[in-house]
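What follows is a single structure, written as structure tokens, with notes after it.
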Amino acid sequence: MSAATLSVQDLSWSPGRGAGTLLRSTSFALEAGRVLGIVGPNGAGKTTLLRLLYRFHRPTTGTVRVDGDDIWALSARSVAQRIAAVLQEQPSDFALTVGEIVALGRTPHRRGFGGSTGSHDKDVIDDALDRLDLHGLGDRHLGTLSGGERQRVMVARALAQEPQLLILDEPTNHLDIRHQLEVLDLIRNLPLTIVTSLHDLNLAAGVCDDVLLIQSGQTAGFGPPDQVLSEAAVSDAFQVMARREQLSRSNTDHLTFHLQKQGTHT
Amino acid sequence: MSEITNRAQVSRKLGGMPAFLVGGVILLVISLSLAISVGAVPVPLGTVWGVILNKLSPGLVEETWSRSREAIVWEIRFPRALLATMVGAGLAMVGASLQAVTRNPLADPHLLGISSGGAFGAILALLHTGLFIGLLTVPLLAFAGALGTTFIVLGVSRFADATSADRLVLAGVAVSFIIMACANVLIFLADPKATHIVVFWMLGGLGLAQWGQLIYPLIILVACAAWLMWKAQDLNAVTVGDETASTLGIPVARFRLAVFVVGALITGVMVAFSGIIGFVGLMVPHVVRMLVGGDYARVLPGSALLGAVFLLWADITARTIMAPEDMPIGIVTGLVGGVFFVWLLGRRKSFG
């Protein structure tokens with residue numbers, strides 16, 4: 001596994017003529033191996049930005065470069081060999097097993113007829129199953145797994161793609177605390193460049209090297225979490241009263257939130 | 001659900017796919033022989049294979065049968081059984097592929113109106129336009145009708161924002177009603193003498209099978225089946241979701257369109273030669289998934305085999321249940337398939 005640099009320049013996107021712009025001239029650069037968290041209120045454009053990064057939407061303006069190459073100058077297949085994504089899509093129940101889903105990750109590397117699996121493919125798939133502790137579940141149907149197990153399957157599938165850049169859309173959604181921590185721990189320790197959207201700002205601050213705060217499609221801050229997630233910026237972006245407090249036992253920063261009303265209303 | 005899991009695991013332990021394929025081929029050969037043997041005039045199995053082997057390699061077996069028996073086996077029942085095999089295999093593979101690209105377990109060429117479109121095209125050719133490009137007119141217009149209807153259904157489902165599984169089927173059923181009404185107008189406007197045979201064919205009839213025409217469905221079936229098998233992994237990927245499939249390098253929109261065109265091609269040609277035979281595409285892939293799991297590299301050949309066997313038995317039933325009358329085979333598949341459909345709806349309810 002190796003990591004790639006990601007550079008985004010003047011990226012904007014709107015769904016079509018007459019429709020509003022969902023993302024405006026966004027620029028940032030991410031060094032290889034770093035973890036970027038994308039945070040912002042609902043509808044701010046997090047998912048849109050991710051879709052532009054994994055080449056699902058074609059940008060209205062601007063470019064996305066992975067290791068210096070514009071992803072729209074490359075074929076879909078060669079982008080899929082470098083960028084993998086773990087999305088929130090729920091697979092329909094077509095009786096695929098965990099092993100078969102993870103094997104899908106080899107699709108962009110495959111040549112030849114049907115689903116023939118070479119010995120290298122097998123090694124990569126085994127490695128991905130191992131890394132996510134899924135070996136006992138290889139023959140299980142996806143429909144019979146818990147939410148946390150499914151999420152691990154989808155991450156294993158993405159790792160089987162042998163990407164240099166891994167994109168995750170709300171990987172902790174619907175997971176209980178232990179599984180949230182497990183997924184984030186895994187993400188932090190992968191030797192890949194990682195972009196993930198996260199709802200929980202404190203989790204984001206704990207896991208990410210950099211944070212991109214977006215608000216109504218515009219960048220409200222990019223940089224290390226303690227600088228970007230200031231009380232003022234978070235309060236403004238989320239329309240809440242955010243306070244940065246020190247936890248007394250662990251001596252770490254922690255953001256707390258209140259509705260603005262609370263202070264003024266009687 | 002766990003029952004399905006267990007069965008899939010058991011079948012995998014037993015050697016899985018090779019065993020299933022060998023068993024399926026044996027079952028197919030047995031069903032094919034019986035389909036030729038059974039009928040108003042019973043022909044012993046030995047005679048069936050004697051005639052066939054002698055035709056393939058003259059003089060191989062000593063002729064102990066009459067000319068009329070030979071004609072029944074070779075001119076009537078064998079081409080009919082082969083057509084049943086191809087129609088069953090084709091429709092089952094179309095159903096399986098449509099279920100993947102629509103992520104809809106209820107997708108079926110009949111329910112989505114594709115068969116009705118094919119019938120409309122075929123009726124147009126048979127009763128109105130005449131065979132202006134020879135024998136190929138009927139399958140070509142059937143393909144055009146099937147493809148046109150596919151696009152209408154997709155358009156309607158987009159217009160009605162019918163992205164969910166059940167609403168896509170409703171869109172298909174609605175369009176199917178409209179197209180069938182138009183097809184009935186075509187029948188009504190035509191020469192009454194010609195309409196009887198068309199009505200019978202429309203309910204599903206393999207009785208018109210002739211050696212000279214079998215080559216067209218065969219070519220289409222082999223070509224389309226090869227393409228679908230080549231794309232088996234992509235079919236697996238789209239069951240996970242459009243965006244995930246596209247991050248795997250699959251051009252999802254174009255791929256789905258290609259599968260719809262291939263589905264219309266197979267359905268159109270099969271409808272042209274056998275009329276509307278419903279529910280094969282709905283039923284067979286579900287049974288196959290229970291036996292061999294969900295990987296399309298196994299679902300597709302499994303569906304082809306089981307679809308062929310199912311249709312051969314449906315045809316045997318249709319020919320014997322009211323012998324010597326030939327009941328339209330569509331009635332048999334409709335009856336079995338309708339009951340299966342109800343069962344499927346009930347089962348889906350239980351796990352969302």
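Quick note on labels: first sequence line is chain A, next is B, and so on, each numbered from 1. Any value given below was found using the heavy atoms of this structure, including those in side chains, with hydrogens, waters and symmetry copies removed. If you're wondering where the values come from, they're calculated on a predicted model, not measured in any experiment.
Looking at every heavy atom in both residues, B:Met283 comes nearest to B:Gly337 through CE-CA, 3.7 Å. Shown here for A:Ala80 and A:Gln161, the closest heavy-atom pair between the two residues is O-NE2, 2.9 Å.
Using modelled atom types, one side-chain atom of A:Glu100 and one backbone atom of A:Thr97 make a donor-acceptor pair closer than 3.5 Å.
In this structure, chain B has a heavy atom under 4.5 Å from the backbone of A:Ile83, while its side chain stays farther away. Interface residue B:Ser246: only side-chain heavy atoms are found under 4.5 Å from chain A. Looking at A:Leu142, neither its backbone nor its side chain comes within 4.5 Å of chain B, counting heavy atoms on both sides. Looking at B:Leu228, neither its backbone nor its side chain comes within 4.5 Å of chain A, counting heavy atoms on both sides.
When each of A:Val66, A:Ile167, A:Ile71, A:Thr48 is checked for a side chain to side chain contact (heavy atoms under 4.5 Å, CB included) with A:Leu53, only A:Ile167 meets the rule.
Of the listed residues (A:Pro108, A:Gly105, A:Pro163), the greatest number of heavy-atom pairs within a distance under 4.5 Å of chain B belongs to A:Pro108.
We find that B:Arg256 and B:Asp242 are joined by a salt bridge, their nearest charged nitrogen and carboxylate oxygen being less than 4.0 Å apart.
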